[in-house]
Amino acid sequence: MPIAPERLPLVLSPTPCHRLSVLSERLGLELWIKRDDLTGFAFGGNKGRKLEYLMPEVISKRADTVVTCGALQSNFIRQLGAACSRLGIRCVAAVMSHPYEDEPVAGVERGESGNVLLDELLGVELRKFADDTWESLYAAAAQIAFELRSQGAAVHEIPIGGSSPLGAYAYYMAAEELRGLPEFDTILFASSSGSTQVGLAAAFKGSDTHVLGIACDPEPEITGDFAKISAGLAELIGANIAIRPEEFNLDFDFVGPGYGVASDSGMSAIRTLAQTEGVFLDPVYTGKAFAGLLSLALAGRIKGRVLFWHTGGTPALFSV
Ligand SMILES: *Cc1c(COP(=O)(O)O)cnc(C)c1O
């Protein structure tokens with residue numbers, strides 16, 4: 001029997017889950033929302049759940065420093081910074097304003113407020129690099145880890161977005177919080193580095209619930225990375241829940257101009273949810289996912305009981 005991963009409680013779970021009555025009526029759906037924007041941890045978001053399982057590893061390795069990387073407005077870095085504050089661990093992150101896959105994205109310059117302000121308050125050390133590829137961002141983080149180690153730090157490196165089998169395990173476990181509610185036909189959410197989707201897809205494998213990620217990264221090959229995380233999760237829990245790349249339901253129609261760049265339909269979806277239900281979304285992830293939900297619902301492609309899993313990110317609203 002595999003041993004259950006250790007958990008460091010950080011988020012106030014279960015998070016609320018409630019019906020969106022105005023939009024249910026308007027869209028002809030039974031529409032619910034799972035409020036992981038309200039984790040009660042560092043302004044909320046899906047990274048808090050992942051960190052509950054990632055931080056025990058940092059503790060067990062006796063690290064005094066963590067090194068990660070991400071976009072300047074990374075929600076992960078903010079939540080990692082908060083977890084590090086609790087544990088008295090130094091947090092260093094390599095960041096680029098708009099890292100890209102092959103070609104730079106013509107994005108508006110994002111402000112230095114939002115997550116950057118919160119990072120600063122948390123004492124996160126942001127090491128800023130000029131925009132370049134994701135590969136060179138990962139290389140920059142590796143170089144920082146190397147340098148800090150050579151200065152005597154006990155460094156633990158954390159992958160981007162906290163996406164690892166342990167990160168996916170957090171969402172595999174989070175699915176348990178829906179127990180007691182009638183089954184959903186579709187669970188829809190913003191998907192990027194993959195562990196949220198891998199965990200939820202594993203939890204609902206073989207059920208009638210359609211687990212649908214709306215991609216926020218324009219990389220169709222990303223499901224190959226998801227499959228690797230999924231194989232790791234299957235091994236971790238000792239269950240036959242591995243998912244092949246082609247089995248992930250990932251919709252690329254709502255990415256817009258590129259990763260980290262607001263889209264018109266995303267901004268419009270943010271206004272729609274704010275003006276019907278008084279709930280805020282973010283420009284990088286959940287706004288785009290909700291644009292997908294609205295469009296698929298209007299086209300009759302999602303029906304019945306639909307759950308929007310709100311993954312957070314709202315501090316980035318203050319940087320657009
Ligand atoms: C990181 C993030 C996501 C994507 O989650 P992954 O597990 O990396 O796919 C979605 N929404 C928000 C707000 C995020 O910060």
Side-chain angles (χ1 to χ4, degrees), residues 11 15 33-39 41-54 68-82 99 114-115 118-119 134 158-175 187-203 211-219 222-223 225-230 232-233 248-252 254-255 259-260 262 266 269-270 273 279-293 308-320:
V11 308
T15 55
I33 187 166
K34 177 72 171 152
R35 303 293 302 271
D36 280 9
D37 56 324
L38 301 179
T39 62
F41 178 66
F43 281 101
N46 64 343
K47 307 309 185 303
R49 290 189 191 269
K50 302 186 194 188
L51 287 162
E52 291 194 331
Y53 295 99
L54 294 170
T68 194
C69 62
L72 184 61
Q73 281 295 336
S74 166
N75 297 308
F76 177 62
I77 294 173
R78 167 195 15 114
Q79 291 162 86
L80 174 63
N115 281 305
L118 301 175
D119 290 344
W134 289 106
I158 300 203
I160 189 149
S163 266
S164 67
L166 279 174
Y169 182 76
Y171 269 86
Y172 177 76
M173 296 303 286
I187 298 178
L188 185 148
F189 50 90
S191 192
S192 173
S193 64
S195 44
T196 303
Q197 180 149 8
V198 169
L200 291 176
V211 173
L212 175 60
I214 304 295
C216 301
D217 251 322
E219 283 176 57
I222 211 164
T223 51
D225 298 342
F226 288 17
K228 280 187 208 133
I229 298 172
S230 165
L233 176 63
F248 286 101
N249 302 307
L250 189 57
D251 187 331
F252 287 91
F254 304 95
V255 176
Y259 174 76
I270 291 174
L273 188 63
V279 173
F280 292 108
L281 298 166
D282 84 284
V284 177
Y285 298 99
T286 54
K288 292 180 181 180
F290 208 75
L293 185 149
F308 178 70
W309 201 305
H310 193 325
T311 47
T314 45
L317 273 178
F318 303 98
S319 74
V320 286

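Whatever order the structure lists them in is the order used to number ligands and atoms, beginning at 1. By convention here, the first residue in the shown sequence is residue 1.
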Task: Heavy-atom nearest neighbour of atom 4 (C) of ligand 1 within options Pro315, Ser192, Pro283, Ser195 - done: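 Closest candidate by heavy-atom distance is Ser192.
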Might you point out which heavy atoms bring [X] and [Y] nearest each other, and give the distance in Å?
{"X": "Leu233", "Y": "Val198", "result": "CD2-CG1, 4.1 Å"}
{"X": "Ser195", "Y": "Ser164", "result": "CB-O, 4.0 Å"}
{"X": "Gly213", "Y": "Ser191", "result": "CA-CB, 4.0 Å"}
{"X": "Phe254", "Y": "Asp251", "result": "CE1-OD2, 3.8 Å"}
{"X": "Thr286", "Y": "Phe308", "result": "O-CZ, 3.8 Å"}

Task: Name of the residue among Thr196, Thr39, Thr15 meeting side chain to side chain donor-acceptor pair (under 3.5 Å) with Arg49 - done: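 The side chain to side chain donor-acceptor pair (under 3.5 Å) with Arg49 is passed solely by Thr15 among Thr196, Thr39, Thr15.
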Residue, atom name and distance, where the atom is the protein heavy atom closest to [atom]:
{"atom": "atom 10 (C) of ligand 1", "result": "Thr311 OG1, 3.2 Å"}
{"atom": "atom 5 (O) of ligand 1", "result": "Asn46 ND2, 3.0 Å"}
{"atom": "atom 8 (O) of ligand 1", "result": "Ser193 OG, 2.5 Å"}

- [ ] Have a look at ligand 1 and work out which part of Gln197, if any, has a heavy atom under 4.0 Å from it: side chain, backbone, both or neither.
- [x]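 Gln197 to ligand 1: no contact under 4.0 Å from either part.
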TODO: Between Val284 and ligand 1, find which residue part has any heavy-atom pair under 4.0 Å and reply side chain, backbone, both or neither.
DONE: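 For Val284, there is no contact with ligand 1 at all, from either part.
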Could you tell me whether [X] and ligand 1 have an N or O pair separated by under 3.5 Å?
{"X": "Lys47", "answer": "yes"}
{"X": "Asn75", "answer": "yes"}
{"X": "Gly312", "answer": "no"}

Give the atoms of ligand 1, by number and element, whose distance to some non-hydrogen atom of [X] is under 4.0 Å.
{"X": "Gly313", "result": "13 (C)"}
{"X": "Thr196", "result": "5 (O), 6 (P), 7 (O)"}
{"X": "Ala190", "result": "4 (C), 10 (C)"}
{"X": "Ser191", "result": "9 (O)"}
{"X": "Lys50", "result": "6 (P), 7 (O), 8 (O)"}

TODO: Using a 4.5 Å cut-off on heavy atoms from C-beta on, say whether the side chain of Pro283 contacts that of Gln73.
DONE: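 SC-SC contact between Gln73 and Pro283 ruled out.
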TODO: For Lys34, enumerate each residue passing the salt bridge (Lys or Arg N to Asp or Glu O under 4.0 Å) test, keeping only those at least two apart in sequence or located in another chain.
DONE: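 Checked Lys34 against salt bridge (Lys or Arg N to Asp or Glu O under 4.0 Å); matches are Glu177.
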Task: Derivation and outcome, side chain to side chain contact (heavy atoms under 4.5 Å, CB included), residues Leu80 and Lys47 - done: CA-CA 8 Å; Leu80 174 63; Lys47 307 309 185 303; over 6 Å; no
- [ ] Check ring pair (Phe, Tyr, Trp, His ring centres under 6.0 Å) between Phe76 and all other residues, then give those that pass, not counting sequence neighbours.
- [x]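 By the ring pair (Phe, Tyr, Trp, His ring centres under 6.0 Å) rule, Phe76 matches no residue at all.
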TODO: May I ask whether Gly45 places a heavy atom under 4.0 Å from ligand 1?
DONE: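 Checking ligand 1 against Gly45, which is what was asked, there is no heavy-atom contact under 4.0 Å.
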